[in-house]
Number of protein chains: 4
Amino acid sequence: MSKDFETQHRLGPQRNPAIDDAVLDATRQLLEEKGYAGTSIDAIATRAGVGRPAIYRRWPSKAHIVNDAIYPVLDVEQGADIDTELGTEGTIADQIRALVQGAVALFAAPATRAAAPGLMSEVRTNSELREVLVVRQLAGVRVELNRRLEAARERGDIRSGVDADALLDIMAGAAIFAMSVRDVSDPGPFADSLADIVLNGILPNT
Amino acid sequence: MSKDFETQHRLGPQRNPAIDDAVLDATRQLLEEKGYAGTSIDAIATRAGVGRPAIYRRWPSKAHIVNDAIYPVLDVEQGADIDTELGTEGTIADQIRALVQGAVALFAAPATRAAAPGLMSEVRTNSELREVLVVRQLAGVRVELNRRLEAARERGDIRSGVDADALLDIMAGAAIFAMSVRDVSDPGPFADSLADIVLNGILPNT
Amino acid sequence: MSKDFETQHRLGPQRNPAIDDAVLDATRQLLEEKGYAGTSIDAIATRAGVGRPAIYRRWPSKAHIVNDAIYPVLDVEQGADIDTELGTEGTIADQIRALVQGAVALFAAPATRAAAPGLMSEVRTNSELREVLVVRQLAGVRVELNRRLEAARERGDIRSGVDADALLDIMAGAAIFAMSVRDVSDPGPFADSLADIVLNGILPNT
Amino acid sequence: MSKDFETQHRLGPQRNPAIDDAVLDATRQLLEEKGYAGTSIDAIATRAGVGRPAIYRRWPSKAHIVNDAIYPVLDVEQGADIDTELGTEGTIADQIRALVQGAVALFAAPATRAAAPGLMSEVRTNSELREVLVVRQLAGVRVELNRRLEAARERGDIRSGVDADALLDIMAGAAIFAMSVRDVSDPGPFADSLADIVLNGILPNT
DNA sequence: TCTTAAACGAGACGGTACGTCTGGTCTTGAA
DNA sequence: TTCAAGACCAGACGTACCGTCTCGTTTAAGA
């Protein structure tokens with residue numbers, strides 16, 4: 001129960017950044033152990049050795065905590081991060097392959113398997129969460145993916161008529177479904193199979 | 001508050017099937033209005049004009065009610081239904097197109113948009129629900145799809161190396177993601193885009 | 001679970017008197033084992049091997065069943081029984097002594113220890129029960145006791161000014177309190193102590 | 001529905017003592033209006049304008065609430081209170097008279113009439129309640145009464161052979177029976193009649 | 001012998017209360 | 001101003017009884 005931040009403990013009027021980490025760590029542990037519904041804010045606070053108000057001071061709801069706990073930040077508003085994330089080098093095929101690998105790896109972590117469907121569910125009723133998750137995080141990726149596909153299409157690297165939104169739905173949706181519902185144990189082969197269908201689906205028919 | 005089944009109301013030691021319908025109807029309404037988390041069993045009972053114990057007598061958890069409320073039964077244990085459901089006629093391309101249309105239509109209903117991610121989340125911790133939803137319902141479809149793809153591959157109608165499980169993950173996952181997260185308003189064009197990518201992904205490259 | 005009345009079992013349009021006995025027996029057992037609050041009608045029906053409607057056909061409430069189960073009938077409307085019950089022979093001292101012995105013996109049975117306070121509680125809100133228990137059973141005893149004391153007072157056998165109602169409250173109340181609350185293990189000595197105080201309390205000084 | 005304690009309302013980590021009072025007041029009201037069985041914890045919480053958990057934080061069962069609501073505390077562990085309560089001055093006759101008056105007054109309050117038999121009933125199955133009510137509260141009185149009678153007997157002020165326990169059973173039992181079952185409307189004359197019999201029962205026969 | 005009608009067990013029903021658990025807010029007192 | 005601790009309301013959870021009612025069967029008594 002004794003945490004290292006309990007020794008130097010209170011910083012006065014500044015927030016203690018160690019608390020953020022302790023909370024996110026505890027959240028990941030609990031997601032893995034008890035699942036999304038079983039991860040209560042009470043349990044997070046107890047596991048992190050932190051009071052509940054310290055949590056509510058930082059995040060407005062459980063979904064926001066979970067979102068921060070399982071997804072990399074990348075909402076830095078600059079294109080640089082997204083570019084790096086999406087793999088800016090190589091052919092469009094390489095880029096898509098990298099994207100699929102990235103998506104599968106993202107949703108394959110145990111905590112994420114437990115959390116992703118829960119967040120999908122809450123995003124429908126919690127508009128504050130929707131703003132953060134769908135608008136700020138997902139929309140950026142959509143725009144960037146659209147830009148890339150557009151460019152590739154102009155170069156003739158992909159078929160015309162490929163819907164970028166549907167493509168993103170496939171990559172994210174299939175990865176989440178495989179990891180969280182089918183509970184695929186080895187993500188590698190699945191990522192290959194997924195990339196195989198997706199690439200054949202968008203590249204020109206020779 | 002008076003329901004039509006209240007007039008003749010009690011059938012003695014047999015359960016009143018009108019209550020099943022009233023509960024499932026109320027569940028669909030509440031899912032649409034309040035979302036998955038906001039749909040409490042109390043609210044369902046009140047809306048259906050039914051006591052809470054009558055619900056617990058029929059379903060062991062909220063997830064089971066929701067499952068019955070939004071998914072067609074088709075667990076008839078005979079292949080016949082699944083065959084019909086999956087579209088047994090025409091070329092493999094026609095069959096896949098029908099499958100994609102069916103999946104999108106299934107997840108496009110407002111109640112289902114609200115419920116599907118919630119069920120995906122609970123299926124991970126509720127093993128009783130997993131039995132019903134993943135093993136009994138999904139597994140049948142997986143087996144049948146696998147059989148069809150195998151046959152088509154032998155006829156050379158699709159590429160070899162296409163993973164049937166990944167294909168099902170794509171169809172279900174993409175449809176759920178598009179409907180529940182992206183909240184696509186018109187399912188028709190999305191289904192076409194999805195079918196376009198999927199078909200090109202599995203058919204031979206000319 | 002097989003009762004002897006289950007062999008020949010149903011008598012047609014007449015009630016099966018064996019059910020009355022089975023229910024009252026089960027009630028006494030459950031009172032002793034689980035106490036008054038823990039004795040549910042469900043449990044009585046199950047223990048007696050009887051359906052709930054068969055019970056409700058005979059008694060309007062749990063309190064009525066318990067009343068029948070623990071108290072001797074004596075509501076025969078004829079003074080004869082009460083006379084016998086109250087001990088009509090001997091001096092007034094002998095009669096009072098017999099009364100005290102009877103009261104203590106009545107409330108000393110294990111089932112009665114558990115039930116008496118519960119009935120006292122329900123009699124305040126259940127007016128139907130009040131009618132049966134207080135008016136029909138107790139009032140008769142009050143009247144008869146009053147008559148005896150009046151006669152004894154005229155003969156100079158007891159002090160004047162002794163309140164018959166208070167005397168009955170003492171005998172019943174003290175016996176119930178000793179048995180149900182103090183949980184006296186041996187009723188004999190207690191009955192003697194009680195009789196000692198009561199007799200000295202009403203007989204003339206010297 | 002707005003209570004005075006709602007203005008300043010929450011005291012932080014300390015419990016709000018105003019809630020204790022509000023709950024006990026509501027309990028007394030409900031006992032008077034609906035009787036013991038009709039006084040649900042739900043109803044108490046609603047009437048007191050308080051959440052149910054706030055009640056369960058303070059008392060382990062309905063019986064404990066009722067006990068606190070109707071009986072004065074006097075479990076101060078020092079003899080002083082009990083001495084005062086039992087009336088330490090005057091002859092033994094005066095003391096007994098005071099005791100009888102006190103007992104009758106205690107059980108004459110409307111809420112107490114409704115509650116006392118219910119508590120007597122629950123004390124038999126709820127051992128936690130028995131500890132509080134019988135051991136901590138009643139036993140102290142029994143010991144003190146025994147001491148007084150012993151002293152009086154040595155002085156020759158009462159007959160030898162008077163059982164202190166039976167005497168207490170008489171005073172408490174008769175008062176409860178008269179108030180809760182017979183429902184005596186005017187406690188004064190009853191207390192006089194009871195004291196008359198009791199005093200004659202224990203004083204020497206001149 | 002056949003019919004009628006009541007009693008029976010089994011158990012579903014709406015309703016109410018139980019005691020527990022969360023979520024999100026607020027307050028205290030120390031640092 | 002932050003922190004931990006924790007009290008607070010609101011309300012959902014799943015369970016247990018209550019008293020009523022209906023079912024389908026059994027059985028005694030009357031036709």
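Here is how names work: the chains are called A, B, and so on, in the same order as the sequence lines, proteins then strands, and each is numbered from 1. Keep in mind that the numbers below use all heavy atoms, side chains included, and drop hydrogens, waters and symmetry copies.
Summarising the geometry, the separation between CD on B:Gln14 and C1' on E:dG9 is reported as 13 Å, rounded to the nearest angstrom. The OH-C1' distance, from A:Tyr56 to F:dC8, rounds to 13 Å in whole Å. Distance C:Arg15 CZ to F:dA29 P: 16 Å, rounded to the nearest Å. Taking atom CG of residue A:Leu129 and atom C1' of nucleotide E:dG23, one finds them 16 Å apart after rounding to whole Å. Protein atom NZ of B:Lys34 is 11 Å distant from nucleotide atom P of F:dG11, rounded to whole Å. Following rounding to the nearest Å, C:Ile19 (CD1) and E:dA6 (C1') show an atom-to-atom distance of 13 Å. Across the protein-nucleic acid pair, C:Arg57 atom CZ and F:dG19 atom P stand 16 Å apart, rounded to whole Å. When the C1' atom of E:dG9 is taken as reference, atom CD1 of C:Ile44 falls 17 Å away, rounded to whole Å.
Scanning both residues, C:Arg113 and C:Pro117, for their nearest heavy atoms gives O-CD, 3.5 Å. Across A:Gly51 and A:Ala45, no two heavy atoms sit closer than the pair C-CB, 4.3 Å. Nearest heavy-atom pair, B:Leu129 versus B:Ala63, reported as atom, atom and distance to 0.1 Å: CD2-CB, 3.3 Å. Closest non-hydrogen pair, C:Lys62 versus C:Tyr36, comes out as NZ-O, 3.0 Å.
At F:dT2, none of the side-chain N or O atoms of A:Arg58 fall inside 4.0 Å of OP1 or OP2 (strictly under the cut-off).
In this structure, A:Pro60 reaches neither bases nor backbone, as no heavy-atom distance under 4.0 Å exists between it and the strands shown.
The base of E:dG19 sits with one of its N or O atoms less than 3.5 Å from a complementary donor or acceptor on the side chain of D:Arg52.
Comparing D:Ala54 and B:Pro53 by the nucleotide of DNA chain F whose heavy atom lies nearest to each, the residue mapping closer to the 5' end is D:Ala54. Each of B:Ile41 and C:Lys62 has a nearest nucleotide on DNA chain F; the 5'-most of these lies closest to B:Ile41.
With F:dC18, E:dT22, F:dC13 as the candidates, the nucleotide lying closest to the side chain of B:Ser40 is F:dC13.
Residues C:Glu33 and C:Arg28 are not paired through a salt bridge, judged by the lack of any N-O separation under 4.0 Å between the basic side chain and the carboxylate.
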